[in-house]
Amino acid sequence: RELASLIPDNSVDLVLTDPPFGIDFQYSNGYIDSRSEYMKLMQWLEKDINRVLKDGGMAFVFQSMSRLQEVWVNVFPYARIFSAAKNFVQVGRPDEPYYFGVPFAFDPVLFWRKGKATKTSGRDWHVARTNNSGIEKPDFHDCPRPLDTIIFMVETFCPVDGLVLDYFMGSGTAAKAAKMTDRNFLGFEVMADTAEKARERVAKVNPLRLNAAQQSVQRTGGESGQQS
């Protein structure tokens, strides 16, 4: 939070973040996302997001089904739901809130725009392909987001060369998507080991324009003039 306070007001085009869900889940690194502290975290997050967003900028905050109604009503009552759908169903526990014996097939993402929209674009859903997280190591992170869904959100809701902010960057999927699509990125991760792996992952990515330039060189044979 101290580092986030250094971000200038009205400077971010897109906030795309996946916070801990406040369900007392213990990650493999030992971190427990405290249920009792979750609402305080969301209240701080809501205030800071609206501080740093540019007028017309957008925010997307992933939520769990079990805390969605509480957070939506009490913290983000002006938001809508973006459906981060899967091409498979996720079986829940019989005693899980709002399960009703019907498997979950999407993750709810609260989203809103700061100020008024100047045009209509995009849509409020995306269906991810299975096993497309793009994470090279199986022990990288407990809860990675599908890369294709995150790329869709970045490309659709952030202008080229705009700034994407992720308060909880985890495995660095938003950072990778931003670099792949020629957006700038700023993110925070409290776990040093996870942050280092995320940096390594993003470092391997070539921006879209660099990829296009390389392909052009390959087609023309580069400086030698020979076909590749």
Side-chain angles (χ1 to χ4, degrees), residues 1 4 12 14-27 31-53 57-114 117 122-130 133 141-154 156-157 164-171 173-174 177 187-190:
R1 299 187 192 188
V12 175
L14 173 67
V15 173
L16 176 52
T17 195
D18 183 16
F21 286 165
I23 55 176
D24 290 333
F25 177 79
Q26 182 169 347
Y27 290 80
Y31 176 79
I32 300 176
D33 61 333
S34 171
R35 178 178 294 274
S36 61
E37 295 297 317
Y38 188 65
M39 291 302 289
K40 293 180 181 178
L41 175 63
M42 289 299 98
Q43 289 165 352
W44 169 82
L45 185 63
E46 187 269 346
K47 182 177 180 180
D48 205 64
I49 288 175
N50 286 315
R51 176 184 68 82
V52 302
L53 272 182
M58 298 197 68
F60 292 78
V61 182
F62 279 81
Q63 293 293 312
S64 69
M65 287 291 188
S66 63
R67 301 297 297 267
L68 173 62
Q69 291 193 24
E70 178 185 9
V71 174
W72 194 359
V73 170
N74 294 296
V75 183
F76 303 101
Y78 46 80
R80 277 174 55 190
I81 293 293
F82 178 95
S83 174
K86 312 162 188 176
N87 62 351
F88 65 95
V89 294
Q90 182 174 348
V91 179
R93 302 188 311 272
D95 61 342
E96 191 170 351
Y98 312 112
Y99 180 56
F100 307 134
V102 179
F104 299 123
F106 77 96
D107 291 311
V109 189
L110 291 169
F111 82 96
W112 69 96
R113 185 187 300 273
K114 180 179 177 181
R123 62 176 189 264
D124 58 1
W125 58 271
H126 183 269
V127 180
R129 298 185 302 273
T130 304
S133 58
H141 194 268
D142 292 288
C143 305
R145 291 297 170 188
L147 179 60
D148 60 346
T149 292
I150 302 304
I151 288 176
F152 170 80
M153 297 166 83
V154 170
T156 304
F157 301 111
V164 179
L165 170 63
D166 187 352
Y167 290 86
F168 308 91
M169 65 179 292
S171 63
T173 300
F188 304 102
E189 173 55 49
V190 297

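In what follows, every heavy atom counts, from backbone to side chain, and hydrogens, waters and symmetry copies are set aside. Position 1 is the first residue of the sequence; numbering continues from there.
Comment: Asp48 does not engage Arg1 in a salt bridge, judged by the lack of any side-chain N to carboxylate O separation of less than 4.0 angstrom.
In plain terms, the two heavy atoms of Val75 and Met42 that are nearest each other are CG1-O, 3.5 Å. The two residues Ala177 and Ile150 have their closest heavy-atom pair at CB-CG2, 3.8 Å.
A ring-ring contact (aromatic ring centres under 6.0 Å, His included) with Phe76 is found for exactly one of Phe60, Trp112, Phe111, namely Trp112.
Distance alone, capped at 3.5 Å, places no donor-acceptor pair between the Lys86 side chain and the Phe106 backbone. With hydrogens and angles ignored, the 3.5 Å screen pairs a side-chain donor or acceptor of Glu189 with a backbone N or O of Gly170. Remark: the backbone N or O of Gly22 is paired with a side-chain donor or acceptor of Asp33 at under 3.5 angstrom. One N or O on the side chain of Asp148 and one on the backbone of Arg129 form a donor-acceptor pair closer than 3.5 Å. Judged by distance alone, with hydrogens and angles left aside, the side-chain atoms of Thr17 form no donor-acceptor pair with the main-chain N or O of Val61 at under 3.5 Å.
The aromatic rings of Phe188 and Tyr167 lie tilted to each other, with the angle between the two planes from 30° to 60°.
Using a 4.5 Å heavy-atom cutoff, the side chains of Pro77 and Trp72 are not in contact.
Glu70 pairs by the side-chain contact (heavy atoms from CB on, under 4.5 Å) definition with Met39, Arg67, Asn74, not counting sequence neighbours. Annotation: side-chain contact (heavy atoms from CB on, under 4.5 Å) contacts of Gln69 (sequence neighbours excluded): Tyr98.
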